[in-house]
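Chain A is the first sequence line, chain B the second, and so forth, proteins listed ahead of strands; every chain is numbered from 1.
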Amino acid sequence: MPELPEVETTRRHLAPVLEGARIVDVTLTRDRMARRNTRPVDVVDRLEGRLIGSVGRRGKFLLIDVEGDLTWVIHLGMSGRVRIAENPGEPRETHAHFTATTDRGPQVRLIDPRTFGFVAVFTPDELATDSLSLLGPDAWEDLPKAPTLHSRLTDRRVPLKALLLDQRELAGLGNIYADEVLFRAGVRPDRLAGSVTSPEVDRLLDAIPVVLAAGIESGGTSLDDLAYLLPDGRAGEFLSQLAVYGRAGQPCRRCGSAIERVIVAQRSSHFCPRCQT
DNA sequence: AACGATCCCTGTTGGC
DNA sequence: TGCCAACAGGGATCGT
């Protein structure tokens, strides 16, 4: 599941390929992938022939500056990945629904079997009215200070994990890294947000950059063959470092207790019953 | 307003 | 072996 570390890894691969390049051809073979634009054809028309500026990221969204005051948005959803084909002649992958060819040769492809991801090209007005504008601070670049986060938690009756997953509160954490952060902070995912103490807030804010840095350093988490891969086709290597996600029944790496799995906020959640309270 | 539930989509998995 | 229901989940949307 592409989360902040996977999207950041993708961004770092895309930047040298796209920045300063001109898009010479765009193909969209599945309209659903462009559903955020009023007309899917806008994605093609607004990219073709245009010069690309900086490749940025906010939360799990890639935000790419395009000549003409446009913003090219890519979201990977749950099964999306970017593939950089050095030669546009390379056979098109199954589920490669969108391609953009640069004047330098390489081709950027968006592959997404479940099509929960999307690609859009927004004018400033469209960007401002899209739900993108509701995104909270980026968990990597713009992590809030303890008093700010604590004030967002007080009086909230949702499970803490639900709040960590809410992209309007904090942008970037998904199901895997939320579980990993909660383990490192020693807090259960089903704890009510309003019950989190000051020391626990401090531990959460300490844990977030550590977990995200490790994920980025490893190139993200590739769960299986279907899942996320780096734009060069390699697998991310964070899977082997996961403390709790996907480890139900296995011994906690810290205390040896069996990792438990429960449903919180309609998502599978993994935690150590002894290390997390 | 806050919160929970449901839906979208399809490859994979597990039960019979 | 083959069939099929259940499952995975980010985010939008709807109901309470």
Side-chain angles (χ1 to χ4, degrees), chain A residues 1-8 10 29-38 40 57-63 73-82 93-98 110-120 122 126-127 129-136 138-139 151-182 189-196 212 215 220-229 235-236 238-239 242 244-249 261-270:
Chain A
M1 320 308 136
E3 305 178 25
L4 191 153
E6 289 75 29
V7 179
E8 175 61 18
T10 299
T29 50
R30 187 144 173 183
D31 278 357
R32 174 177 153 79
M33 292 305 291
R35 62 194 177 283
R36 289 274 190 122
N37 261 107
T38 309
R57 180 193 58 74
R58 180 154 176 198
K60 305 171 192 173
F61 294 80
L62 288 165
L63 302 173
V73 183
I74 298 174
H75 192 274
L76 300 176
M78 81 163 280
S79 62
R81 64 185 176 95
V82 165
E93 296 81 358
T94 309
H95 305 302
H97 305 307
F98 168 92
L110 181 56
I111 301 165
D112 188 357
R114 292 174 195 174
T115 67
F116 280 19
F118 71 91
V119 55
F122 287 141
E126 290 167 345
L127 189 63
T129 53
D130 189 271
S131 57
L132 259 170
S133 63
L134 302 177
L135 278 181
D138 186 78
S151 71
R152 300 296 301 168
L153 300 179
T154 48
D155 296 332
R156 294 293 300 274
R157 298 176 188 279
V158 286
L160 175 59
K161 182 173 172 185
L163 192 137
L164 292 178
L165 290 175
D166 187 340
Q167 302 298 298
R168 295 167 302 183
E169 297 291 347
L170 187 65
L173 294 184
N175 206 36
I176 297 174
Y177 293 94
D179 278 4
E180 295 299 308
V181 163
L182 286 163
D190 54 0
R191 272 279 297 283
L192 287 191
S195 77
V196 175
L212 293 179
T221 306
S222 296
L223 288 177
D224 52 49
D225 292 345
L226 169 71
Y228 162 84
L229 296 172
F238 196 59
L239 178 64
L242 294 178
V244 287
Y245 184 86
R247 298 193 66 245
R261 177 182 182 275
V262 295
I263 301 296
V264 179
Q266 289 78 50
R267 295 287 176 257
S268 67
S269 304
H270 314 73

Nearest-Å distance for atom pair CG/P, residues A:Asp155 and B:dA2: 10 Å
Check the interface with nucleotides 12-14 of chain C: list each N/O to N/O pair with the protein under 3.5 Å, or write none.
| unit_1 | atom_1 | unit_2 | atom_2 | d |
| --- | --- | --- | --- | --- |
| C:dA12 | OP1 | A:Arg36 | NH2 | 2.6 |
| C:dA12 | OP1 | A:Ser131 | OG | 2.5 |

Chi angles and distances behind the ring pair (Phe, Tyr, Trp, His ring centres under 6.0 Å) call for A:Phe238, A:Tyr177: CA-CA 11 Å; A:Phe238 196 59; A:Tyr177 293 94; 5.6 Å; yes
Contact list for DNA chain C against residues 157-172 of chain A - heavy-atom distance below 4.0 Å: A:Gln167
Shortest non-hydrogen contact from A:Pro40 toward A:Asp31: CB-OD1, 3.8 Å
Angle of first-five versus last-five pair axes in the helix from B:dA2-C:dT16 to B:dC16-C:dG2, to 10 degrees: 60°
side-chain contact (heavy atoms from CB on, under 4.5 Å) partners for A:Glu169, two or more places apart: A:Arg152, A:Arg156, A:Leu163, A:Asp166
A:Asp31 CG - B:dC8 C1' separation (whole Å): 16 Å
Short side-chain N/O contact from A:His75 to OP1 or OP2 of C:dG10, under 4.0 Å: no
Under 3.5 Å donor-acceptor, A:Gln167 side chain and A:Leu165 backbone: yes
A:His95 side chain near B:dC9 phosphate (N/O to OP1/OP2, under 4.0 Å): no
Main-chain N/O of A:Leu242 paired with A:Glu180 side-chain donor or acceptor, under 3.5 Å: no
Side chain to side chain contact (heavy atoms under 4.5 Å, CB included) partner of A:Thr10, the single match among A:Val82, A:Ile74, A:Leu229: A:Val82
Heavy-atom side-chain proximity of A:Ile176 to A:Leu223 below 4.5 angstrom: yes
Rounded interatomic separation in angstrom, taking CG from A:Leu192 and P from B:dC3: 9 Å
Which atoms of nucleotides 6-8 of chain C (N or O only) lie under 3.5 Å from a protein N or O atom, and what are those distances?
| unit_1 | atom_1 | unit_2 | atom_2 | d |
| --- | --- | --- | --- | --- |
| C:dA8 | OP1 | A:Arg261 | NH2 | 2.1 |
| C:dA8 | N3 | A:Arg114 | NH1 | 3.0 |

Contact check, side chains of A:His97 and A:Leu110, non-hydrogen atoms, under 4.5 Å: no
Spacing between A:Leu134 atom CG and B:dA2 atom C1', to the nearest angstrom: 16 Å
Beyond-backbone contact of A:Asn37 with A:Glu126, side-chain heavy atoms, under 4.5 angstrom: yes
Whole-Å gap separating P (C:dG9) and NZ (A:Lys60): 11 Å
Under 5.5 Å and under 30°: A:Phe116 stacked on C:dG11: no
Between A:Tyr228 and A:Glu3, a side-chain donor and acceptor under 3.5 Å: no
Distance in angstrom units between A:Leu223 CG and C:dG9 P, rounded: 9 Å
Nearest heavy-atom neighbours spanning A:Asp130 and A:Arg36: OD1-NH1, 2.6 Å
A:Ser269 side-chain N/O to A:Arg267 backbone N/O, donor-acceptor pair under 3.5 Å: yes
By side-chain contact (heavy atoms from CB on, under 4.5 Å) - contacts of A:Arg35 (at least two apart): A:Arg32, A:Phe118
Integer-rounded Å distance: C:dG11 C1' and A:Asp112 CG: 13 Å
A:Ser222 side chain near A:Leu239 side chain, heavy-atom distance below 4.5 Å: no
Rounded distance in Å - CD (A:Gln266) to P (C:dG10): 12 Å
